[in-house]
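Okay, so here's the structure we're looking at.
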Amino acid sequence: MTEWKALFEGSRVVPPHNQSVRLAAELSQGFQIALKYLDGASIGQRLLEGLQGVKYQLRVSLFDISHRHFFGRTWKSPLLEQMRTGLGQPDRVPFNEVLYFHTSLRHPSVVAIVEVAAMAQKADAPHSALGCCFGILRLFPSKTSPEEPHTSQAERRLSLYHGSPRALLHPALYEPIEQNKLMSVIEGAHLQYTLKPHPALETAMLFLPENVLVSGTESIPGVVPSSGNTVDSLRKPRLLKSFTCYLDRLSLTLYPSLEKFEEELLQLLNTDHLNRKNWGPDGSVVVIQERRLHVGVHNGWGFLERPQVVVVEPEPEGGRGRSSRLSSSALSYVLALRSRLQLKEMVNHPAFAVVFWLEYVFSAPVGGDGKVSSSSSMFSRTAFMHCIRWAAWCPFQDPDNVAADVALALQGGDVLGPTGVMVYAAPPPYRSSTEVKNLERGTVKFRFSTRSEGRPPSPAPSLKNRQEEASLHRKPPSPSKGRRGSVLQASPPQSPQGPGLSISQLAASPRYPTISHSTSSPWQQQQFPSQLYPSPLASAYQLSHVELPCASSIAHLEVSLSQAGAPDEPPLAEQLQELTFAPVHAPVTALGTQTPGVSLWYVTLLVTHPHSYLPLSTASSLSRSSMARLFSVSFPEILDIHGQVAEVLDPAEPVNFNPQREEPDHLQCNELVLQFLAFSRVPQEGMNADWPNSVYFTFQLYRFPPITTERMMLLSMDKPEKKSRDTHTCVLALINKDGTVKSESPGLQLKYLVDPGFLKPGEHRWFLRYLALHTLQIDVWDSESLMLIGSAAVELKHVLRQGRPAVQITHELEVITTEYLQDTMAVSGNLPGRNAIAPINAFTTVKGRLHLRLGNIGHPADQNVKRLKTLPPVRSHVITAHDGTRGFTGGSLSSKTVSSLNVRNASRAQRLVEIDSELASLLHSRMKEVGVAMGRVEQETEETRQRKLQRMAAVRQYEEQGSIGSSAKPNIMSRREERLQHSRDLQLIEAYRERSKAESITNMLSKAITTQHTLYATLGTAEFFEFVLKNPFNVPQTVTIESEDPELSVIVNYGEWKHFKHLTKTMTPLEEDMFHLKENTLTPQVYLRPKETVYIPLKYQTFISEHGSVMQRPANVQSGRNVNVAQRHHSNTVQAKTIKVMFRAEDGKPLAVCQVDVEPTPHVIDQTFRFYHPELTFLKKAIRLPPWDSLPGMPLGGSDTGPQIHVRCSDLNVICDTKRAAPGEPQDVFLKVGGGQSPQIKKFFIMVFIDEWLAVPAQIWQVYVHFLQRVDVSCTTSQLTWQSLVLRGVQALRKVKCYTSHPEEIQIDPAGVFVLPPNAVQDLQIGVRPRKAGSKFVYLNVVDVEYHQLVASWLLCVSCRQPLISKAFEIFLPVGGGKGSNKKITYTNPYPTSRAFLLSSDHPDLLQFKEDSFQIGGGETYTIGLRFAPSQCSGTEEILIYINNHEDKNEETFCVKVQYQ
């Protein structure tokens, strides 16, 4: 017996009552019950008299009081004897057991029953178990007793009652049971316990079913078992490492052959069918509709994930290639799966098994009188399922010998299996050989491999495609295709295959999904509950799997089926679905898309290193004639410095970047030119042919500021020929303020002049590397609606001149966008379980093509241009004290400059009134001079000189005249007062000097030991340098290092220090365990011996940036058309600051000071993301990264483990995280952003690191989150549903207009321009008429038409249901026909009066009506004329025809299946 089988047979559980299951919560919660000890000497005294060696045991079970139903399994404790606790104290049994369980049935009627059993032995008799008493442990609080919350962690006493827990099944016991007169409490006996939630159990819920009581010492495969250090494995569960495995070449063989086995099976079913009441031999038979195989991973307790359901088809044994060489009579058929199966959560443990079970879907006629319905349609048959065989295989039962090719015997009959349902009986067991028995039950064969062994998983083909391929190999032939009348008739089921409609899509498995393509047809999504009934097996099947809460639906590639519950069961509550959540967002790359609407699950997501995936050429969609008309327009030419046309490059040619050819180029200045030439419209479903009418662009090149261009009109060129394959290409022209087109030459030209004066020393190489490796992302906006059309990406490597004077290249870029569409089944609420997650399909679609010309013109560097003084010296990472001559600016007493003084520190004398404004305000004698002296010393000196000259002139006049005038005496008195004020000022200055002398000397000494260092910081990049610190004393010192800013820190980790030294090529000593932390702090300290010199590693790194408000609008009209945007600018993301690092001795005095001046530098944006989300809600997104070995800087063929990816966000209010993934698994970056008011735009940056120490970000992403007002709209296809919105005015009067992203499906009233008064309220009416079922997002913008500003914005979450299909038709059309086909169908008016009806279709491009409306009398029949468009390729398409009444409400819906052959 294998370990899995032993565990499986010992872990059977009783499911809860089906009525209680409906009350279960959405999520399961874990709990912990600690059973301490049992007190009481009177427990079972009379029952245990005369017995020896009595031992006690606790037995715990879950019980539903409402339905008197025990469920789960009974847990039993070890046997313990009663102990004496002391004189006068009751006897005690110390159990000290801890139980764990998790459940979603958190209802007051669910309790735990604790039974006390005694094991004793009589004389000459074996051991016997006697039930002594029991207690009722309330797990969840009730409304009547709120004083007993289940979150209580205090110890409580559990009262015990006489008798057995079987008494709870008595019909006279009602709530509250504890107060019932039939319950008798045992006095003096109780059980001490605690009950509390256990959140840590959530990680292990995957391996443990619901409602199962276990202890921490029990074996749970998948959880690290308890050991010597870990007695309780569930207190803090640790999980074993899981991985993914694959099953290939899977086939099933049935005895004696597939044909005979199914023939015998159908014969038995038809016999049973005829023996039923009121059924007779009328020619109707039970047929096989589908063969399903369920595959899942089981750990002995339950399935880890919901088993996958695949459809197996009969194929010749050995493959389809033999069918063409052998006759049909000589072929032996098996059931084969043509795709690869991927099983996740597999663990290398002997108790993990892969479980298979084969299930047949049968189709039986419906009718109570033994006759088939006269309608003779496919809907007169019902579907039911039976389990035929099952098998289980443990791949790691022998870990040293894991088989690759496996042949496994199938089980059947009364052998208990994990399916929990009855299985078709195996052949009679009269065979003598075990091998013969195994052969007769059948075998399943497959190849087993893990991720490291096998190839990456390939996408599984859709169910629809498999059915079409299998129709050529099925034994019963497909329906006849020769009936092609002028009037289409509903197709009857003439064969088990059915008319192209799989019954598995109609009568679905109760919980498990079927694999289907994400773009499944309405045939697979529509359900018909009026004629489909599940078999009794389905109800039992549901009941047997209620213990699988951990199962989840298969998203993205697999679409869940509708749930077929019992007819008498009420529908379950519909689970709320967050429509705005998308699991993975598609970044924009230069790769573009191959076909419109391609699913993202088959497109590699290029984020981190997109250039390695780019194609070598850009295919043009224009013909030569269209290109000739395009470039005949007078676009500005790109000329070199000699006036010659720049060399034209071919984008298909590879670029070999050689840095040695760039450095010796005498043309060191690069003038980058961007020319926006034209835009090609691509027809979009639901949009007008002239959309868009005008556009503008946003982008950011290198470290230059972000650019928002002006509005540009799309002007049509000469009309192409009617039979031309070209898209509608329009020339771009700038628009004036009044909306007219500028008379200048078309297009928009932007220039970036990158000269050595603009770049830092050494940055020229970084710039060239940026051009060689990066792509430029351009966002294209509709300038009328201010909605994002899409994004394009262009490689910049072609603008590298490589020694040439000038180069140019023209690109045709696809403008793509990511769209999300939810499955119809999620909208209709038909998810396969309560915890199922609705799949959201993401698609990239081409919105247009942008014609862009890039150029690079070389210019000689201007020798007269001096570089900025703030540019750093030669890049050095070792900072020493007194690095060069330093000085302090002083007054004008000395004419010598500081550089001419042969001293290290010099200070010039300055007037005190110039350096201290407080002292200047106290001086009285020179108030006039003080007011001017602050900054104008020369002017003050001139005034003093003039005053002295006036005094001298007055003295000479006195000597000449011999006397003083009448006014001389006041002047003499004023001079005396002035001398008195001078004396007082001198005393004040003397006092000030004495008071500030110590502070001034301290400042001078501090400056003498201060070393300045300038850092040019970039967001996310760590700037590393080492400070040379010397102990100047003759005694050892323990130096404490203190930094004013936490962004500048000391590197105390040896590995991190070594990494940065290797990164910066710093050849200085490296010492391990150099630092220790100060007591009770994180301040580092270093021990220095006398006169010792050490290198202190420091690192400055910031992740925080300031983000201003972002406006969504095009740029203002520029004065000229050639805009030079390469102007020097300061970074608005990193703040400039000065940080001091103090090195203090043991006495607290500083030994040295390192003053770091941080100068901000703009950073490079590698990727831009834009998300749209409802306001005041949290945005949750996941951005998927490519495989780690494709990241820049990673070696090829390196370690299989891969690096750990780290992320940081520039906004502290944004949660950004990533988790380490297994080798080969995709890496996701998770975001959680708090929402703001509409129409605000939140901007932040995300830095992605692939090194352990976060030295340099491998990528910097710019993220914009547009917050919109959310409105939920629920509607039906082809019906017009109106919704009212409230638009509130702003402070000023506005002329506004409403725009929507789907104008063909959304109607707006008012539709034109209207006036929005200040602070007024305007009512907007929104009419929604979707063409296809599903959930989609529609954007609605209210735009100021005068200033082109966004006034308000809404996000319409449209949930559209598909109406019931009343009739289905099938038509076969030839492929390649130049003309279409005319068909007709009939419609009968079911009303007794004359009615008018409207016709519409979900594929107007494929089907046209002869008349879009008609009116017929009551009960009359009308013939609807259909016109089908021709097709150039074979395939199948389902077209829905909607028949609506005069109020535009749907009356009937027809489905026409068109097969182009």
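Position 1 is the first residue of the sequence, and the numbers go up from there.
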(Q) Does any part of the side chain of Q808, heavy atoms only, come nearer than 4.5 Å to the side chain of L854, both counted from C-beta? (A) no
Q | I809 side, atom CD1; E795 side, atom CD - distance, nearest 0.5 Å | A | 8.5 Å
Q) Can you name the nearest heavy-atom pair linking L776 to Q700, along with the distance? A) CD1-O, 3.4 Å
Q.
Applying side chain to side chain contact (heavy atoms under 4.5 Å, CB included) to I1241 and F1267, what does each step give before you reach the verdict?
A. CA-CA 6 Å; I1241 303 176; F1267 293 106; over 6 Å; no
Q: Mind checking side chain to side chain contact (heavy atoms under 4.5 Å, CB included) for P1404 and listing every partner two or more places apart, or none if nothing turns up?
A: R1331
Q.
Is there a side-chain contact between L1287 and L1316 in this structure, where contact means two heavy atoms from C-beta onward sitting under 4.5 Å apart?
A. yes
Q) Does a side-chain heavy-atom distance below 4.5 Å link F676 with V695? A) no
**Q.** Reported CD-to-CD1 distance for the pair Q644 and I638, which is rounded to 0.5 angstrom
**A.** 14.5 Å
Q.
What's the separation between atom CG in L786 and atom CG in L788, rounded to the nearest 0.5 Å?
A. 11.5 Å
Q. Which atoms form the tightest heavy-atom contact between K1297 and V1345, and what is the distance?
A. CB-CG1, 3.8 Å
Q. Cut-off 3.5 Å, side chains only: do Q777 and Q1167 have a donor facing an acceptor?
A. yes
Q | Test salt bridge (charged side-chain N to carboxylate O under 4.0 Å, His left out) applied to E1346 - qualifying residues, sequence neighbours left out | A | none
Q: With sequence neighbours excluded, tell me which residues meet salt bridge (charged side-chain N to carboxylate O under 4.0 Å, His left out) with D1344.
A: R1294
Q. Looking at residues at least two apart in the chain, or sitting in another chain, which of them share a side chain to side chain donor-acceptor pair (under 3.5 Å) with S694?
A. S783
Q: Could you list the residues that satisfy side chain to side chain contact (heavy atoms under 4.5 Å, CB included) with V731, not counting sequence neighbours?
A: L630, V633, F635, M717, P746
Q: Applying side chain to side chain contact (heavy atoms under 4.5 Å, CB included), name anything that partners D738, two or more places apart in sequence or on another chain.
A: N736, T740
(Q) Within the 3.5 Å criterion, strictly below it, is a donor on H1266 or S1353 matched to an acceptor on the partner's side chain? (A) no
Q) What's the verdict on side chain to side chain contact (heavy atoms under 4.5 Å, CB included) for W1354 and I1326, showing C-alpha distance, side-chain angles and the deciding distance? A) CA-CA 11 Å; W1354 281 274; I1326 308 299; over 6 Å; no
(Q) So, taking the atom named CD in E671 and the one named CG in N856, what distance separates them when rounded to the nearest 0.5 Å? (A) 8.5 Å
(Q) Any non-hydrogen side-chain atom of I816 less than 4.5 Å from a side-chain atom of T845? (A) no
**Q.** L773 and K797: CA distance, side-chain angles, deciding distance, side chain to side chain contact (heavy atoms under 4.5 Å, CB included) verdict
**A.** CA-CA 7 Å; L773 301 180; K797 60 183 180 181; over 6 Å; no
**Q.** Set of side chain to side chain contact (heavy atoms under 4.5 Å, CB included) partners for P1310, sequence neighbours left out
**A.** F1314, Q1322, L1324
Q | side chain to side chain donor-acceptor pair (under 3.5 Å) involving E1175 - partner list, sequence neighbours excluded | A | none
Q: State, to 0.1 Å, how close I857 and D640 come at their nearest heavy-atom pair, and which atoms those are.
A: CG2-CA, 3.9 Å
Q) What is the minimum heavy-atom distance between L800 and V807, and which atoms define it? A) O-CG2, 4.4 Å
Q | Heavy-atom side-chain contact between L1285 and L1340 under 4.5 Å | A | yes
Q. Taking the side chain from Q684 and the backbone from V846, do they hold a donor-acceptor pair closer than 3.5 Å?
A. yes
Q) Taking atom types as modelled and ignoring hydrogens, do the side chains of H859 and D755 form a donor-acceptor contact shorter than 3.5 angstrom? A) no
Q: Could you please spell out the steps behind the side chain to side chain donor-acceptor pair (under 3.5 Å) verdict for H851 and T810?
A: CA-CA 7 Å; H851 299 269; T810 303; over 6 Å; no
Q) With no hydrogens and no angle check, is any side-chain donor or acceptor of N1341 less than 3.5 Å from a backbone partner on S785? A) yes
Q) So, do Y1264 and F1171 have ring centers that fall under 6.0 Å from each other? A) no
Q: Using modelled atom types only, decide if a donor and an acceptor are shared between the side chain of T709 and the backbone of Y696 within a distance under 3.5 Å.
A: no
**Q.** Sequence-distant partners of H1302, side chain to side chain donor-acceptor pair (under 3.5 Å), two or more places apart
**A.** none
Q. Does a side-chain heavy-atom distance below 4.5 Å link R849 with V682?
A. yes
(Q) If the condition is side chain to side chain donor-acceptor pair (under 3.5 Å), which residues does E784 pass it with, not counting sequence neighbours? (A) N693
Q. Does the side chain of T817 come within less than 4.5 Å of I789's, by heavy atoms?
A. no
Q: Return the minimal non-hydrogen interatomic distance between V1358 and P1330, and the atom names on each side.
A: CG1-CG, 3.9 Å
Q: If a pair satisfies salt bridge (charged side-chain N to carboxylate O under 4.0 Å, His left out) and one of its residues is in residues 686-700, list it, with sequence neighbours excluded.
A: none
Q. Are any side-chain N or O atoms of Q675 and backbone N or O atoms of P636, one a donor and one an acceptor, separated by less than 3.5 Å?
A. yes
Q. Does the gap between the ring centers of W1261 and F1169 come in under 6.0 Å?
A. yes
Q) Okay, side chain of R681, backbone of P692: is any donor-acceptor separation there less than 3.5 Å? A) yes
Q. Is the shortest distance from a Lys or Arg side-chain nitrogen in E1305 or R1329 to a carboxylate oxygen in the other one below 4.0 Å?
A. no
Q) What distance separates M713 CE from F679 CZ, expressed to the nearest 0.5 Å? A) 14.5 Å
(Q) For Y702 and F767, I'd like to know if the aromatic rings sit close, meaning centre-to-centre distance below 6.0 Å. (A) yes
Q.
Ring-plane angle category for Y1339 and Y1172, please: parallel below 30°, perpendicular beyond 60°, tilted otherwise.
A. tilted
Q: Enter the distance from S1238:OG to L1268:CG here, rounded to the nearest 0.5 Å.
A: 5.5 Å
Q) Which residues pass the salt bridge (charged side-chain N to carboxylate O under 4.0 Å, His left out) test with R853, sequence neighbours left out? A) none
Q. Side chains of L1231 and I1183: does their closest heavy-atom pair fall under 4.5 Å?
A. yes
(Q) If I compare all heavy atoms of V1342 with all of V1296, which pair ends up nearest, and what's the gap? (A) CG1-CB, 3.8 Å
Q: Go through the steps for H1163 and F1245 under the test side chain to side chain contact (heavy atoms under 4.5 Å, CB included), then give the verdict.
A: CA-CA 10 Å; H1163 55 273; F1245 302 96; 3.4 Å; yes
